[in-house]
Amino acid sequence: MNKIEHLGIAVHDLEASNALFEKLMGVPHYKIEEVASEGVRTSFFKAGPNKIELLQATDDNSPIAKFLEKRGEGIHHIAFAVDDIAAEIERLVQEGFTVLDTTPKKGADNKLVAFLYPKGTNGVLIELCQEAPAQGEELLQ
Ligand SMILES: CC[C@@H](C(=O)O)C(=O)SCCNC(=O)CCNC(=O)[C@H](O)C(C)(C)COP(=O)(O)OP(=O)(O)OC[C@H]1O[C@@H](n2cnc3c(N)ncnc32)[C@H](O)[C@@H]1OP(=O)(O)O
Ligand SMILES: [Co+2]
């Protein structure tokens, strides 16, 4: 794994949290993106080479909605950048981790993503992130 690509923070109100993080970090968010397949609306902030992803649920049954209901607002996941997500999934399965997505799926900010079950990683939800190939190249299998 190369670096921490982003930290995901679950929030109730994306607009209010955008205003808060703009004040906190001194920079505006650079993107808002909805990922319907995950039931979320996200916004992104840059912190030097790192990123913060704020996530608001758009669907009552989504992972973010459930997390907010059970645990309230806070850090939801750590995302690691990887060069080859398929190879990394295979390696982690071999190592005995419970990988929730054995086939990478579309994430936000032009990424392919996969998640690891948090009960097997010290209670922390881990996301793997690979830059999505340019159009025309092989994308999802
Ligand atoms: C925008 C796209 C993408 C990106 O590009 O960056 C994203 O970041 S999407 C982020 C949202 N998507 C996901 O989180 C997908 C992965 N998560 C899941 O598939 C599920 O949330 C889950 C981890 C499988 C859990 O769901 P489920 O099994 O349906 O039940 P519960 O919600 O009740 O949780 C079971 C158990 O796990 C604990 N839990 C849940 N989420 C987290 C978390 N983020 N960190 C730590 N622990 C978590 C939950 O509390 C339950 O434990 P107990 O409370 O002890 O029962
Ligand atoms: Co994320």
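Note that ligands are numbered from 1 as they come in the structure, with each ligand's atoms numbered from 1 the same way.
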Identity and distance of the protein heavy atom lying nearest [atom]:
{"atom": "atom 55 (O) of ligand 1", "answer": "Lys119 NZ, 2.6 Å"}
{"atom": "atom 16 (C) of ligand 1", "answer": "Phe115 CG, 3.6 Å"}
{"atom": "atom 2 (C) of ligand 1", "answer": "Ala108 N, 3.8 Å"}
{"atom": "atom 33 (O) of ligand 1", "answer": "Lys70 NZ, 2.8 Å"}
{"atom": "atom 23 (C) of ligand 1", "answer": "Pro118 CD, 3.6 Å"}
{"atom": "atom 21 (O) of ligand 1", "answer": "Pro63 CB, 3.3 Å"}
{"atom": "atom 14 (O) of ligand 1", "answer": "His76 CE1, 3.1 Å"}
{"atom": "atom 6 (O) of ligand 1", "answer": "Glu53 OE2, 2.7 Å"}

In terms of atom number and element, which parts of ligand 1 are under 4.0 angstrom from non-hydrogen atoms of [X]?
{"X": "Val40", "value": "1 (C)"}
{"X": "Leu125", "value": "14 (O), 43 (C), 44 (N), 45 (N)"}
{"X": "Glu38", "value": "9 (S), 11 (C), 12 (N), 13 (C), 15 (C)"}
{"X": "Leu55", "value": "8 (O), 10 (C)"}
{"X": "Leu100", "value": "19 (O), 24 (C)"}
{"X": "Thr42", "value": "1 (C)"}
{"X": "Phe67", "value": "41 (N), 42 (C), 43 (C), 44 (N), 45 (N)"}

Spell out, as yes or no, whether a donor-acceptor pair under 3.5 Å connects the side chain of [X] to the backbone of [Y].
{"X": "Asp101", "Y": "Thr103", "value": "no"}
{"X": "Glu34", "Y": "Val40", "value": "no"}
{"X": "Ser62", "Y": "Asp59", "value": "yes"}
{"X": "Asp60", "Y": "Ala65", "value": "no"}

Worksheet item: Roughly how far, to the nearest 0.5 Å, is the CD1 atom of Ile89 from the CG atom of Asp84?
Response: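 With rounding to 0.5 Å, CG (Asp84) is 9.0 Å from CD1 (Ile89).
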Would you please determine whether [X] falls within less than 4.0 Å of ligand 1 on a heavy-atom basis?
{"X": "Gly123", "answer": "yes"}
{"X": "Lys111", "answer": "no"}
{"X": "Arg71", "answer": "yes"}

Worksheet item: Counting heavy atoms not belonging to Glu90, are there more than 12 under 6.0 Å from its CD?
Response: no
Can [X] and [Y] be counted as an ion pair, charged N to O under 4.0 angstrom?
{"X": "Glu33", "Y": "Lys106", "value": "yes"}
{"X": "Glu88", "Y": "Arg91", "value": "yes"}
{"X": "Lys111", "Y": "Glu5", "value": "yes"}

Worksheet item: Of the backbone and side-chain N, O or S atoms of His76, does one lie nearer to the Co ion (ligand 2) than 2.8 Å?
Response: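 False for His76.
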Worksheet item: Counting backbone and side chain alike, does Cys129 bring an N/O/S atom below 2.8 Å of the Co ion (ligand 2)?
Response: no
Discussion item. Please classify the His6 to ligand 1 contact at 4.0 Å (heavy-atom distances, strictly less than): side chain, backbone, both or neither.
Written reply: side chain
Worksheet item: Where's the contact between Lys66 and ligand 1, heavy-atom distance under 4.0 Å: side chain, backbone, both or neither?
Response: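 For Lys66, only side-chain atoms sit under 4.0 Å from ligand 1.
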Practice prompt. Could you check which N/O/S atom of Glu127 is closest to the Co ion (ligand 2)?
Written response: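 Glu127's closest N, O or S atom to the Co ion (ligand 2) is named OE1.
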Worksheet, complete the sentence: Answer key: the N, O or S atom of Glu53 nearest to the Co ion (ligand 2) is OE1
Item to complete: Using side-chain contact (heavy atoms from CB on, under 4.5 Å) as the criterion, point out the one residue from Leu7, Ile126, Val124, Leu55 that pairs with His77.
Response: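 The single option meeting the side-chain contact (heavy atoms from CB on, under 4.5 Å) with His77 is Leu55.
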Worksheet item: Out of Val99, Thr98, Thr121, which residue meets the side-chain contact (heavy atoms from CB on, under 4.5 Å) rule with Leu92?
Response: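 With Leu92 as partner, side-chain contact (heavy atoms from CB on, under 4.5 Å) holds for just one option, Val99.
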Discussion item. Less than 3.5 Å apart, any donor N or O on the side chain of His29 or Glu22 sitting next to an acceptor on the other?
Written reply: yes
Discussion item. Is it true that Glu53 and His76 share a donor-acceptor pair across their side chains at a distance under 3.5 Å?
Written reply: no
Fill in: Any non-hydrogen protein atom less than 4.0 Å away from atom 19 (O) of ligand 1
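Answer yes: something from the protein, a heavy atom, is under 4.0 Å.
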Discussion item. Quick check: His77 and ligand 1, any N/O pair under 3.5 Å apart?
Written reply: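 The answer is yes, given that His77 and ligand 1 share an N or O pair closer than 3.5 Å.
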Discussion item. On a heavy-atom basis, which atom in Ile85 and which in Pro104 lie closest, and how many Å separate them?
Written reply: CG2-CG, 3.5 Å
Worksheet item: So is Lys51 actually on top of Phe45's ring, under 6.0 Å and inside 45° of the axis?
Response: no
